[in-house]
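Here's the structure, in C-alpha coordinates; my notes come after.
In the text below, chain A, chain B and the rest are named by the order of the sequence lines, each starting its count at 1.
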2 protein chains.
Amino acid sequence: MNIGDAAKRTDIPVKTIRYYEDIGLIRPLRDTNGYRVFRDTDIHKLAFLGRARALGFSIEDCRTLMELYEDETRASADVKRLAQEHLRQIEDKIMQLRSMQATLNDLVHACAGDSRPDCPILRDLASQ
Amino acid sequence: MNIGDAAKRTDIPVKTIRYYEDIGLIRPLRDTNGYRVFRDTDIHKLAFLGRARALGFSIEDCRTLMELYEDETRASADVKRLAQEHLRQIEDKIMQLRSMQATLNDLVHACAGDSRPDCPILRDLASQ
DNA sequence: GATAAGGGCTCCAGTCACTGGAAGGTCAAG
DNA sequence: CTTGACCTTCCAGTGACTGGAGCCCTTATC
(Lines give C-alpha, C1' and ligand atoms only; values in the text may rest on other atoms or scores of the structure.)
Protein backbone atom coordinates (compact mmCIF):
# COMPACT_ATOMS: atom_id res chain seq x y z
CA MET A 1 0.00 0.00 0.00
CA ASN A 2 1.28 3.50 -0.87
CA ILE A 3 1.29 6.45 1.48
CA GLY A 4 -1.87 8.00 0.05
CA ASP A 5 -3.89 4.87 0.76
CA ALA A 6 -2.33 4.52 4.20
CA ALA A 7 -3.39 8.09 4.89
CA LYS A 8 -6.97 7.40 3.82
CA ARG A 9 -7.07 4.18 5.79
CA THR A 10 -5.84 5.73 9.02
CA ASP A 11 -7.12 9.29 8.63
CA ILE A 12 -3.62 10.60 9.20
CA PRO A 13 -2.33 13.17 6.70
CA VAL A 14 0.39 12.08 4.28
CA LYS A 15 2.72 14.75 5.63
CA THR A 16 2.23 13.53 9.17
CA ILE A 17 2.96 9.93 8.20
CA ARG A 18 6.22 11.00 6.60
CA TYR A 19 7.01 12.97 9.74
CA TYR A 20 6.32 9.91 11.89
CA GLU A 21 8.80 7.95 9.80
CA ASP A 22 11.32 10.79 10.12
CA ILE A 23 11.23 10.64 13.89
CA GLY A 24 11.33 6.86 13.87
CA LEU A 25 7.82 6.01 15.01
CA ILE A 26 7.21 3.80 11.99
CA ARG A 27 9.49 2.05 9.51
CA PRO A 28 7.64 1.32 6.28
CA LEU A 29 9.48 -0.63 3.57
CA ARG A 30 10.52 0.92 0.27
CA ASP A 31 9.55 -0.16 -3.22
CA THR A 32 12.17 -0.25 -6.00
CA ASN A 33 10.91 3.16 -7.16
CA GLY A 34 11.56 4.67 -3.73
CA TYR A 35 7.89 4.75 -2.74
CA ARG A 36 7.04 3.83 0.83
CA VAL A 37 5.22 0.51 1.18
CA PHE A 38 2.88 0.09 4.12
CA ARG A 39 2.17 -3.39 5.44
CA ASP A 40 -0.73 -4.23 7.73
CA THR A 41 1.53 -3.87 10.74
CA ASP A 42 2.43 -0.33 9.65
CA ILE A 43 -1.23 0.55 9.20
CA HIS A 44 -1.93 -0.92 12.61
CA LYS A 45 0.81 1.16 14.18
CA LEU A 46 -0.44 4.31 12.49
CA ALA A 47 -3.94 3.67 13.77
CA PHE A 48 -2.52 3.08 17.24
CA LEU A 49 -0.68 6.39 17.00
CA GLY A 50 -3.79 8.15 15.76
CA ARG A 51 -5.81 6.95 18.72
CA ALA A 52 -3.08 7.78 21.24
CA ARG A 53 -2.69 11.27 19.76
CA ALA A 54 -6.47 11.72 19.84
CA LEU A 55 -6.30 11.06 23.58
CA GLY A 56 -3.77 13.87 23.78
CA PHE A 57 -0.64 11.83 24.45
CA SER A 58 2.56 13.54 23.35
CA ILE A 59 4.67 12.03 20.61
CA GLU A 60 7.19 10.84 23.19
CA ASP A 61 4.40 9.25 25.22
CA CYS A 62 3.19 7.58 22.03
CA ARG A 63 6.65 6.22 21.44
CA THR A 64 6.70 4.78 24.94
CA LEU A 65 3.19 3.37 24.59
CA MET A 66 4.16 1.62 21.35
CA GLU A 67 7.23 0.17 22.99
CA LEU A 68 5.13 -1.09 25.86
CA TYR A 69 2.58 -2.47 23.41
CA GLU A 70 5.28 -4.41 21.62
CA ASP A 71 6.91 -5.63 24.80
CA GLU A 72 5.11 -8.82 25.77
CA THR A 73 6.67 -8.73 29.21
CA ARG A 74 5.48 -5.21 30.08
CA ALA A 75 3.78 -4.50 33.39
CA SER A 76 0.37 -2.88 33.04
CA ALA A 77 1.44 -0.66 35.94
CA ASP A 78 3.83 1.16 33.60
CA VAL A 79 1.08 1.89 31.13
CA LYS A 80 -1.27 2.95 33.88
CA ARG A 81 1.29 5.31 35.39
CA LEU A 82 1.80 7.02 32.04
CA ALA A 83 -1.93 7.36 31.47
CA GLN A 84 -2.52 8.66 34.98
CA GLU A 85 0.16 11.29 34.66
CA HIS A 86 -1.33 12.38 31.36
CA LEU A 87 -4.80 12.42 32.89
CA ARG A 88 -3.51 14.69 35.65
CA GLN A 89 -2.13 17.10 33.08
CA ILE A 90 -5.43 17.14 31.24
CA GLU A 91 -7.26 17.86 34.45
CA ASP A 92 -4.87 20.72 35.23
CA LYS A 93 -5.43 22.15 31.79
CA ILE A 94 -9.19 21.90 32.17
CA MET A 95 -9.08 23.74 35.48
CA GLN A 96 -6.92 26.45 33.96
CA LEU A 97 -9.30 26.85 31.04
CA ARG A 98 -12.34 26.85 33.29
CA SER A 99 -10.87 29.68 35.28
CA MET A 100 -10.28 31.66 32.10
CA GLN A 101 -13.76 30.81 30.94
CA ALA A 102 -15.33 32.06 34.15
CA THR A 103 -13.49 35.39 34.03
CA LEU A 104 -14.11 35.90 30.34
CA ASN A 105 -17.74 35.01 30.70
CA ASP A 106 -18.23 37.64 33.39
CA LEU A 107 -16.43 40.23 31.34
CA VAL A 108 -18.33 39.47 28.16
CA HIS A 109 -21.62 39.72 29.99
CA ALA A 110 -20.63 42.99 31.60
CA CYS A 111 -19.81 44.53 28.23
CA ALA A 112 -22.59 46.34 26.39
CA GLY A 113 -21.11 45.51 23.01
CA ASP A 114 -22.40 48.62 21.32
CA SER A 115 -20.83 51.56 19.50
CA ARG A 116 -19.70 53.36 22.67
CA PRO A 117 -16.06 53.14 23.73
CA ASP A 118 -16.67 52.27 27.38
CA CYS A 119 -15.74 48.63 27.92
CA PRO A 120 -15.41 46.59 31.13
CA ILE A 121 -13.18 44.08 29.35
CA LEU A 122 -10.52 46.65 28.53
CA ARG A 123 -10.99 48.25 31.94
CA ASP A 124 -10.25 44.92 33.58
CA LEU A 125 -7.18 44.28 31.44
CA ALA A 126 -5.87 47.74 32.23
CA SER A 127 -6.64 47.61 35.94
CA GLN A 128 -3.78 48.03 38.38
CA MET B 1 13.64 51.51 34.99
CA ASN B 2 15.77 48.71 33.52
CA ILE B 3 14.44 45.48 32.10
CA GLY B 4 15.11 43.46 35.26
CA ASP B 5 13.00 45.76 37.39
CA ALA B 6 10.28 45.85 34.74
CA ALA B 7 10.27 42.06 34.82
CA LYS B 8 9.91 41.98 38.60
CA ARG B 9 7.21 44.64 38.53
CA THR B 10 5.10 42.88 35.92
CA ASP B 11 5.99 39.24 36.60
CA ILE B 12 6.95 38.82 32.97
CA PRO B 13 10.34 37.19 32.28
CA VAL B 14 13.11 39.38 30.91
CA LYS B 15 13.34 37.20 27.82
CA THR B 16 9.65 37.57 27.15
CA ILE B 17 9.79 41.35 27.48
CA ARG B 18 12.59 41.50 24.93
CA TYR B 19 10.52 39.26 22.69
CA TYR B 20 7.53 41.57 23.04
CA GLU B 21 9.69 44.45 21.91
CA ASP B 22 10.98 42.37 19.01
CA ILE B 23 7.48 41.80 17.70
CA GLY B 24 6.52 45.40 18.26
CA LEU B 25 4.11 45.08 21.20
CA ILE B 26 6.06 47.58 23.27
CA ARG B 27 8.58 50.28 22.43
CA PRO B 28 10.73 51.11 25.45
CA LEU B 29 13.26 53.93 25.13
CA ARG B 30 17.00 53.36 25.14
CA ASP B 31 19.58 54.79 27.49
CA THR B 32 22.90 56.05 26.14
CA ASN B 33 24.48 52.73 27.14
CA GLY B 34 21.97 50.82 25.01
CA TYR B 35 19.92 49.59 27.97
CA ARG B 36 16.14 49.60 27.59
CA VAL B 37 14.36 52.20 29.70
CA PHE B 38 10.83 51.42 30.83
CA ARG B 39 8.48 54.29 31.61
CA ASP B 40 5.24 53.89 33.53
CA THR B 41 3.33 53.58 30.27
CA ASP B 42 5.56 50.66 29.24
CA ILE B 43 5.01 48.95 32.57
CA HIS B 44 1.30 49.53 32.19
CA LYS B 45 1.32 47.98 28.73
CA LEU B 46 3.31 44.98 29.96
CA ALA B 47 0.83 44.43 32.78
CA PHE B 48 -2.02 44.70 30.28
CA LEU B 49 -0.31 42.10 28.10
CA GLY B 50 0.28 39.85 31.08
CA ARG B 51 -3.38 39.89 32.03
CA ALA B 52 -4.56 39.36 28.47
CA ARG B 53 -2.16 36.44 28.03
CA ALA B 54 -3.32 34.99 31.35
CA LEU B 55 -6.84 34.96 29.91
CA GLY B 56 -5.45 32.94 27.03
CA PHE B 57 -5.61 35.58 24.31
CA SER B 58 -3.12 35.01 21.50
CA ILE B 59 -0.35 37.52 20.90
CA GLU B 60 -2.21 38.82 17.85
CA ASP B 61 -5.37 39.22 19.90
CA CYS B 62 -3.31 41.07 22.49
CA ARG B 63 -2.03 43.38 19.80
CA THR B 64 -5.60 44.12 18.70
CA LEU B 65 -6.77 44.57 22.28
CA MET B 66 -4.00 47.09 22.94
CA GLU B 67 -4.88 48.97 19.78
CA LEU B 68 -8.52 49.07 20.85
CA TYR B 69 -7.49 50.16 24.32
CA GLU B 70 -5.54 53.06 22.89
CA ASP B 71 -8.23 54.04 20.42
CA GLU B 72 -10.55 56.41 22.27
CA THR B 73 -13.15 56.07 19.52
CA ARG B 74 -13.37 52.26 19.68
CA ALA B 75 -16.73 50.52 19.86
CA SER B 76 -17.05 48.14 22.81
CA ALA B 77 -18.74 45.79 20.34
CA ASP B 78 -15.36 45.14 18.72
CA VAL B 79 -13.80 44.19 22.03
CA LYS B 80 -16.76 42.03 22.94
CA ARG B 81 -16.67 40.20 19.62
CA LEU B 82 -13.00 39.34 20.11
CA ALA B 83 -13.61 38.14 23.65
CA GLN B 84 -16.63 36.09 22.63
CA GLU B 85 -14.76 34.39 19.84
CA HIS B 86 -11.95 33.58 22.24
CA LEU B 87 -14.44 32.32 24.80
CA ARG B 88 -15.91 30.01 22.18
CA GLN B 89 -12.47 28.58 21.45
CA ILE B 90 -11.87 28.01 25.13
CA GLU B 91 -15.17 26.22 25.44
CA ASP B 92 -14.33 24.03 22.45
CA LYS B 93 -11.01 23.17 24.00
CA ILE B 94 -12.63 22.31 27.32
CA MET B 95 -15.09 19.98 25.61
CA GLN B 96 -12.28 18.30 23.73
CA LEU B 97 -10.28 17.83 26.91
CA ARG B 98 -13.32 16.58 28.83
CA SER B 99 -13.88 13.93 26.20
CA MET B 100 -10.25 12.84 26.50
CA GLN B 101 -10.56 12.91 30.26
CA ALA B 102 -13.63 10.70 30.23
CA THR B 103 -12.05 8.08 27.99
CA LEU B 104 -8.75 8.12 29.85
CA ASN B 105 -10.50 7.91 33.16
CA ASP B 106 -12.39 4.81 32.09
CA LEU B 107 -9.25 3.21 30.75
CA VAL B 108 -7.19 4.00 33.82
CA HIS B 109 -9.84 2.54 36.06
CA ALA B 110 -10.11 -0.58 33.95
CA CYS B 111 -6.38 -1.20 34.19
CA ALA B 112 -5.14 -3.32 37.05
CA GLY B 113 -1.81 -1.53 37.13
CA ASP B 114 0.13 -4.52 38.34
CA SER B 115 3.06 -6.54 37.05
CA ARG B 116 1.01 -8.50 34.51
CA PRO B 117 1.16 -7.49 30.83
CA ASP B 118 -2.58 -7.52 30.19
CA CYS B 119 -3.73 -3.92 29.83
CA PRO B 120 -7.07 -2.48 28.71
CA ILE B 121 -5.41 0.82 27.84
CA LEU B 122 -3.13 -0.74 25.25
CA ARG B 123 -5.95 -3.00 24.10
CA ASP B 124 -8.10 0.06 23.43
CA LEU B 125 -5.34 1.89 21.56
CA ALA B 126 -4.71 -1.18 19.43
CA SER B 127 -8.40 -1.89 18.77
CA GLN B 128 -9.55 -2.01 15.16
C1' DG C 1 43.83 50.43 39.47
C1' DA C 2 42.40 45.47 39.18
C1' DT C 3 38.86 42.40 39.66
C1' DA C 4 34.55 40.08 40.42
C1' DA C 5 29.55 39.96 40.57
C1' DG C 6 25.56 41.03 38.62
C1' DG C 7 23.27 43.41 35.54
C1' DG C 8 22.53 44.41 30.46
C1' DC C 9 23.07 43.63 25.09
C1' DT C 10 22.52 40.83 20.49
C1' DC C 11 22.13 36.81 17.84
C1' DC C 12 21.33 31.98 17.03
C1' DA C 13 19.18 27.67 17.90
C1' DG C 14 15.74 24.76 19.96
C1' DT C 15 11.03 23.60 21.52
C1' DC C 16 6.37 20.74 19.74
C1' DA C 17 3.94 18.55 16.16
C1' DC C 18 3.20 19.34 12.32
C1' DT C 19 2.24 22.01 7.61
C1' DG C 20 3.24 24.32 3.18
C1' DG C 21 5.75 24.72 -0.81
C1' DA C 22 9.36 24.06 -4.34
C1' DA C 23 11.54 21.06 -7.52
C1' DG C 24 11.57 16.95 -9.35
C1' DG C 25 10.66 11.55 -10.30
C1' DT C 26 6.90 7.75 -11.42
C1' DC C 27 2.87 5.72 -13.16
C1' DA C 28 -1.62 4.72 -15.48
C1' DA C 29 -5.06 6.39 -18.77
C1' DG C 30 -6.35 8.27 -23.05
C1' DC D 1 3.11 11.39 -25.92
C1' DT D 2 1.06 13.99 -22.83
C1' DT D 3 -1.70 14.89 -18.84
C1' DG D 4 -2.68 14.50 -14.14
C1' DA D 5 -2.35 12.24 -9.99
C1' DC D 6 0.62 10.27 -7.44
C1' DC D 7 5.18 9.97 -5.07
C1' DT D 8 10.05 11.73 -3.47
C1' DT D 9 13.32 15.02 -0.72
C1' DC D 10 14.52 19.21 1.41
C1' DC D 11 13.77 23.67 3.42
C1' DA D 12 11.14 27.03 5.91
C1' DG D 13 7.42 28.55 8.85
C1' DT D 14 4.03 28.20 12.72
C1' DG D 15 3.35 30.31 18.29
C1' DA D 16 5.25 32.00 22.05
C1' DC D 17 8.68 31.74 24.03
C1' DT D 18 13.36 29.79 26.21
C1' DG D 19 18.34 28.69 26.60
C1' DG D 20 22.89 29.71 25.70
C1' DA D 21 27.11 31.91 23.86
C1' DG D 22 29.83 35.81 23.77
C1' DC D 23 30.16 40.30 24.73
C1' DC D 24 29.60 45.13 27.21
C1' DC D 25 28.42 48.16 31.45
C1' DT D 26 28.17 49.33 36.31
C1' DT D 27 29.16 49.07 41.00
C1' DA D 28 31.59 47.50 45.03
C1' DT D 29 35.54 45.80 47.16
C1' DC D 30 40.48 45.00 47.76
Is the CZ atom of B:R123 crowded by more than 12 outside heavy atoms at less than 6.0 Å? yes

A:R88 with A:E91: basic N within carboxylate O range, under 4.0 Å: no

Figure out the OH/P separation between B:Y19 and C:dC11, and round it to whole Å. 17 Å

Is the phosphate of C:dC18, meaning OP1 or OP2, less than 4.0 Å from a side-chain N or O of A:R53? yes

Answer with base, sugar-phosphate or nothing: what part of the nucleic acid does B:F57 contact at a heavy-atom distance below 4.0 Å? nothing

Along DNA chain D, first and last positions that approach a heavy atom of chain B under 4.0 Å: D:dA16 to D:dT26

Answer yes or no: is there an ion pair linking A:D42 with A:K45, defined by an N-O contact shorter than 4.0 Å? no

Could you check how far OH of B:Y35 sits from P of C:dT10, rounded to whole Å? 11 Å

Between C1' of C:dA17 and CD of A:E21, the distance in whole Å: 17 Å

The bend of the helix from C:dG1-D:dC30 to C:dG30-D:dC1, taken between the axes of its five terminal pairs at each end and rounded to 10°, is 30°

Verify the cluster assignment for B:L125 and A:I12: are they in a single hydrophobic cluster under the rule of side-chain heavy atoms below 4.5 Å apart? yes

In whole angstrom, what separates B:N33's CG from C:dG7's C1'? 11 Å

Taken to the nearest whole Å, CD1/B:I3 to C1'/C:dG7 is 11 Å

May I ask whether A:M1 and A:L49 are part of the same hydrophobic cluster, defined by side-chain heavy atoms of I, L, V, M, F, W, Y residues being less than 4.5 angstrom apart, directly or through others? yes

In whole angstrom, give the distance that lies between atom CG of A:D31 and atom P of C:dC27. 8 Å

What is the separation between atom CD on A:E60 and atom C1' on C:dA17, rounded to the nearest whole Å? 11 Å

So, does A:T16 get its side chain near the phosphate of C:dA17, meaning an N or O under 4.0 Å from OP1 or OP2? no

Looking at B:R18, I'd like to know whether one of its side-chain N or O atoms comes within less than 4.0 Å of OP1 or OP2 on C:dT10. no

From CA spacing to verdict: salt bridge (Lys or Arg N to Asp or Glu O under 4.0 Å), B:E21, B:R18: CA-CA 5 Å; B:E21 188 192 17; B:R18 281 200 271 256; over 6 Å; no

Rounded at 0.5 Å granularity, tell me how far CZ in B:R36 sits from CD1 in B:I3. 5.0 Å

Taking 4.0 angstrom as the limit, do B:R116 and B:D118 come out as a salt bridge? no

Look at B:R36 and C:dG8 and indicate whether a side-chain polar atom (N or O) is within less than 4.0 Å of OP1 or OP2. no

When every non-hydrogen atom of A:C111 is compared with those of A:C119, the smallest separation belongs to SG-SG, 3.9 Å

Can you tell me how far P of C:dG8 sits from CE of B:M1, to the nearest Å? 12 Å

